[in-house]
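Order of listing sets the numbers, starting from 1, for every ligand and every atom in it. FYI, side chains are in, hydrogens and waters are out, and symmetry mates aren't considered; it's all heavy atoms of this structure.
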Amino acid sequence: MRTNREDSFDAVIVGAGFSGLYLLWKLRGQGLNVHLFEAGEDVGGTWFWNRYPGARCDVESVDYSFSFDEELQQEWRWKERYPAQPEILEYLQHVADRFDLRRDISLHTRVQSSQYDEDTRTWAVHADGAEVTTQFLIMATGCLSVPQTPNIAGLESFAGKTYHTGDWPKEGVDFTDKRVAVIGTGSSGIQLIPEVAKVAEHLTVLQRTASFSVPALNGPLDPEFEREVKANYPERRRRARASSAGVERGDNEQNALDVAHEDRVKEFDGRWGKGGFALLGAYQDLMLTDEANDTVADYVRDKIRATVEDPDTADSLIPRGYPLGAKRICVDTNYFETYNRDNVTLVDLRKSPLESITPTGARTGDADHEFDVLCLATGFDAMTGALDRIDITGVGGERLKNKWQHGPTTYLGLGVAGFPNLLLIAGSGSPSVLANMVTAIEQHVEWTAELLGYMSSHGYDTIEPTPEAEEGWVAHVNEMASYTVFPKAASWYMGANIPGKPQIFMPYVGGCVEYEKKCNEVAEKGYSGFVLR
Ligand code: N01
């Protein structure tokens, strides 16, 4: 590696979430001169910004955590089966302190642009007044880090306070005795709604699309379970890496349609009773055909009917028109039960479309709804949003944003042709959001660190995918998606939630284990598909 001046680095990392923190530790351990820029006031990434009441990970805490340090995983004690946002943030702050990462992090510093210089083979990085150069520019900017505020008529005219779940005030929001409205019933809305209903005078939920959700069955972490996990952690982590979802769900190899209805229901019941994502692993074809998917979708629809007392409300809450899981499935605590409360009203925007926000509330097709506070749980400009907002210029002055105008193109979700030494962590075209993010991140960070070590020991300065390798990978990602029911929903996986965004299925559906095999094969063949100079 070539540099050691204060404004010149071997690697600049953007983002101090799970990816950026681990990468910083890993690269520093290899003797590289690394700096990390983070826009937030503290480390934490998505867990710094998403502080809304009820915010919680829906992967279990013992799995949604780093495996790279044995002492860390033995010492840290998770409080609950599913970790709440404050606990995850505390964990990431602890990681930053424990591994002395903060000395190489500039907080509150947003990267605005970066240009590749073909003569010096370095990237110039401009970040809120800081100007540095770096050999490698590594984007650990997150898949769900840019909140999306919809363009609803009259939104600015609302006289009360408006909050977005993805950019929640640090000091919190007191809903006591307030009339509150929530727009959005994806994972964030489904977590927020039961919490707001507990304290608000009245809650109005403005729902456009009903979601499939399974109960989390959260609770304090059972000490016996914790002991068992910690005694077998390396094996548990190995199995997570060797799984499709980056976490063991007890996936069943059978096809749903090869099984009698009663047996299927028994299998679904068993998994429903365990809570969380286990339901998705009930049969291997649930995401492959409409017919198989219908079996589990109908099962969840029946659960909703059985939970929600008012039949009209239940009917509106029943998801229709897209396969279960094709919009990311939600995991909840008392979500459907919340609609049995006297202080909660569901407005079905499919029956009564949202015309405008008014100074005192919302006007839908047939009524005015008054409220004091509006919460937008309207999601993110996913996968590409953070990168789009940084002006990244590669070889020949080509802008990444322009290159990706018809959809993101990458090789393995790790590199982009025409952008040497720009590396992505959990980029489009990798399993990322379809997996336990921490498993996916660890695999990417370790692959990237090994690559940089290889380049250093073999005397290479730059790496970039060939256009052919990139084209081939994009075609493979699309082909794999086409064998599934995923593309059948207007989801954020497809970019469908952002007006004008090209609609292409962005994550890799092939599963973590197969994906990691491919990445390792590429490395073993001297980084085939990449050009090293
Ligand atoms: O966002 P979403 P999210 N008028 O895009 C609605 C992760 N996550 O923040 O579907 C009315 O899923 C929109 O309706 P529709 C997880 O990966 C994880 O909830 O477009 N409604 C939808 O209901 C998740 O999938 C965790 O018709 C409008 C909602 O807003 C991802 O983040 C927790 C509208 C957006 O849902 C994103 O989840 C939270 C409009 N104009 C998030 N515009 C856990 O780990 C949008 N909507 C548990």
Check: For the atom pair OG (S61) and CZ (R81), what is the distance rounded to the nearest 0.5 Å?
Finding: 9.5 Å

Notebook entry, point to check: Could you give all pairs that pass the salt bridge (charged side-chain N to carboxylate O under 4.0 Å, His left out) test and reach residues 153-162, with sequence neighbours left out?
Noted result: none

Checklist line | Pairs meeting criterion salt bridge (charged side-chain N to carboxylate O under 4.0 Å, His left out) with involvement of residues 323-332, two or more places apart | finding: D58-R328

Next item on the list: For C57, take its heavy atoms, then give the atoms of ligand 1 lying under 4.0 Å from any of them.
Entry: 45 (O)

Check: Which atoms from ligand 1 have a heavy atom of D58 less than 4.0 Å away?
Finding: 44 (C), 45 (O), 48 (C)

Kindly identify the option in [options] whose heavy atom sits closest to [atom].
atom                    : options               : result
atom 27 (O) of ligand 1 : T209, T165, I88, L155 : T209
atom 16 (C) of ligand 1 : H164, R328, K327      : R328
atom 30 (O) of ligand 1 : A496, P147, G184      : G184
atom 33 (C) of ligand 1 : Y52, Y493, W47, F380  : Y52
atom 14 (O) of ligand 1 : R56, R208, Q207       : R208

When only distance counts, is [X] in polar contact with ligand 1, meaning an N/O pair under 3.5 Å?
X    : answer
W492 : yes
S188 : yes
T378 : no

Next item on the list: Could you tell me whether a side-chain N or O of N252 sits under 3.5 Å from a main-chain N or O of A282, the two making a donor and an acceptor?
Entry: yes

How about [X] and [Y]: are their ring centroids closer than 6.0 Å?
X    : Y    : result
H202 : F371 : no
Y64  : F18  : yes
H476 : W473 : yes

Next item on the list: Considering only non-hydrogen protein atoms, determine which one is nearest to atom 32 (O) of ligand 1 and report residue, atom name and distance to 0.1 Å.
Entry: L144 CD1, 3.4 Å

Notebook entry, point to check: Where is the nearest protein heavy atom to atom 41 (N) of ligand 1: which residue, which atom, and how far?
Noted result: P150 CB, 3.4 Å

Checklist line | Which segment of Q148 sits under 4.0 Å of ligand 1 when only heavy atoms are counted | finding: neither

Item checked: Residue that, paired with T185, satisfies side-chain contact (heavy atoms from CB on, under 4.5 Å) out of L317, I193, T378 -> I193

Note to self: Ignoring hydrogens and geometry beyond distance, is a side-chain donor-acceptor pair present between E442 and Y22 at under 3.5 Å?
What the structure shows: no

